[in-house]
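Quick caveat, the model's predicted, so the values are computed rather than measured.
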Amino acid sequence: MTAREFDIGNAIFFFFKRFGDKPAAAIWIIVCQMLIGGALAAAAIWLLFPFWGSIFEIAVLEETSSITEAEAGVMLLESLGPAMAYYALLGPLALVFALMFQGAWLRFLVRGEVAPVIPFRLGSDEFRLLGVNILYIVVSFGLVLAGILAVALVGGFSIGIVETTGADGAGALGALLTVALVFAVILAGVFVMVHLASAAGLSFQDRRFRFFESWGATKGVFWPMLLSLIVVAVMAGLIGSTIGGVFQMIGVFALLPVIEPLVEMAEYGSEPTAQEVLSLLRSQLAQPGTIILLTVVGVMAYAVQIVVEAMIHSVGAYNAVRFRGGDDAGGAVEAAPVLGSDSPLGAAPSEG
């Protein structure tokens, strides 16, 4: 197999090409991720709501001088214990599902596959992806640590020269060198991470653990890769910020009955107490209309977040497919069915 020429347009719009080729498969991943992610979020809210409620109660009691500051601290610590236990439970669970979500999208982007029925799995693909993500963290930490050490050495050397010679120019030169070194470290980090951006995609393409092989996959295409990643990041940011801004406005509209009395109090020089704020929030959040509106906003915002994350994965996935000789238009090297016969969306044409 020979690598195909890197096409910047295909790299930028690879997610949309995959989506256009198999929209039912992509939508099914989005729907399932929203259901599972929403269930996790609902569980977190339900479990942690008493903790946040107790914080408001403590604030009210302290504000009204019903308890001392020391007593408030003790009550806060007592409330914090169960919350930390829930975080310890939900945190690892959220990481496992995040790994499965990422795996489902890479399987779709790279191989054009969606696992039957529920598209999320915890198998060999995901364990290889876990290894890739761990190495990403290790490399990122190493780059940050190397940058901190380099800046500290240059800064310490400059301070030593100034203290020894008393030359102000040495201090200014040291400051300039430090700034230049910070930029150099950032550029080095970008250089390394772009070269490793196809590691996850290659692991899914080859069905073998791949990490440093990504360096070879980006050989000769660093600048097109960098440009594609920048454009996709800007597109994702614009989509997220624009639609997110609309959702924020809707959320503010839902909470207007809470905001308006607070604004009126501020205009008349009356600062609202914590008890008044808590009472207004409780009354408004108990309204069915507010609950429905905030739920719809949360669901739609999460859908946008899912699409944005998939777009970010798509450039590295495209390069992995391209490097292994896949179709520039978005086809993987090996054909694979999209959905199984037991899928609620029906079998793929090749199986039907």
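Using a cut-off of 4.0 Å between Lys/Arg side-chain N and Asp/Glu carboxylate O, E113 and K22 are scored as not salt-bridged.
Not a single donor-acceptor pair under 3.5 Å links the side chain of Q305 to the backbone N or O of A303. Proximity of a side-chain donor or acceptor of S241 to a complementary backbone N or O of L238 within less than 3.5 Å is detected.
Taking OH of Y136 as the start and CG of L129 as the end, the distance is 9.0 Å to the nearest 0.5 Å. One distance of note links CZ of F204 with NE2 of H313; it measures 9.5 Å at 0.5 Å rounding. How far CD of E126 is from CZ of R107: 4.5 Å, rounded to the nearest 0.5 Å. Here the CD1-CG distance, from I148 to L143, works out to 11.0 Å after rounding to the nearest 0.5 Å.
Residue W215 qualifies as enclosed at atom CH2: its count of foreign heavy atoms under 6.0 Å is above 12. For R121, the CZ atom sits in a packed shell: over 12 heavy atoms of surrounding residues, nucleotides or ligands are nearer than 6.0 Å.
The closest side-chain heavy-atom distance from F323 to V221 is not below 4.5 Å. Using a 4.5 Å cut-off on side-chain heavy atoms (C-beta onward), W105 and I306 make contact. Proximity of F19 to V307: side-chain heavy atoms (C-beta onward) are nowhere separated by under 4.5 Å. Proximity of R324 to L202: side-chain heavy atoms (C-beta onward) are separated by under 4.5 Å at one or more points.
A single hydrophobic cluster is not seen to contain both L149 and V182; linkage of ILVMFWY side chains at heavy-atom distances under 4.5 Å, directly or through other members, places them apart. Linking Ile, Leu, Val, Met, Phe, Trp and Tyr residues whenever their side-chain heavy atoms come within less than 4.5 Å places V304 and I27 in a single cluster. In the hydrophobic cluster analysis, where Ile, Leu, Val, Met, Phe, Trp and Tyr join through side-chain heavy atoms closer than 4.5 angstrom, V138 is grouped apart from V144.
Here F13 pairs with nothing under the ring pair (Phe, Tyr, Trp, His ring centres under 6.0 Å) rule; sequence neighbours left out. For A236, the side chain to side chain contact (heavy atoms under 4.5 Å, CB included) partners at least two apart in sequence or on another chain are V308, M311, I312. For the side chain to side chain contact (heavy atoms under 4.5 Å, CB included) test, no residue two or more places apart in sequence or in another chain qualifies with L95.
Here Y318 and F6 bring their ring centres to under 6.0 angstrom of each other.
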Show every donor-acceptor pair shorter than 3.5 Å between a side-chain atom in residues 185-198 and any protein atom, with sequence neighbours excluded, or say none if there are none.
unit_1: H195; atom_1: ND1; unit_2: T218; atom_2: OG1; d: 2.7
unit_1: S198; atom_1: OG; unit_2: G316; atom_2: O; d: 3.2
unit_1: S198; atom_1: OG; unit_2: N319; atom_2: ND2; d: 3.0

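Legend: salt bridge (Lys or Arg N to Asp or Glu O under 4.0 Å) pairs involving residues 127-143, not counting sequence neighbours, sorted by first then second residue: D125-R128. Screening residues 89-99 for side-chain hydrogen bond (donor to acceptor under 3.5 Å, both in side chains) gives no qualifying pairs among residues at least two apart or on separate chains.
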(request) Begin with the C-alpha distance, continue with both residues' side-chain angles, and end with the deciding distance and a verdict on side-chain contact (heavy atoms from CB on, under 4.5 Å) for M235 and I12. (result) CA-CA 9 Å; M235 288 172 54; I12 292 172; 3.7 Å; yes
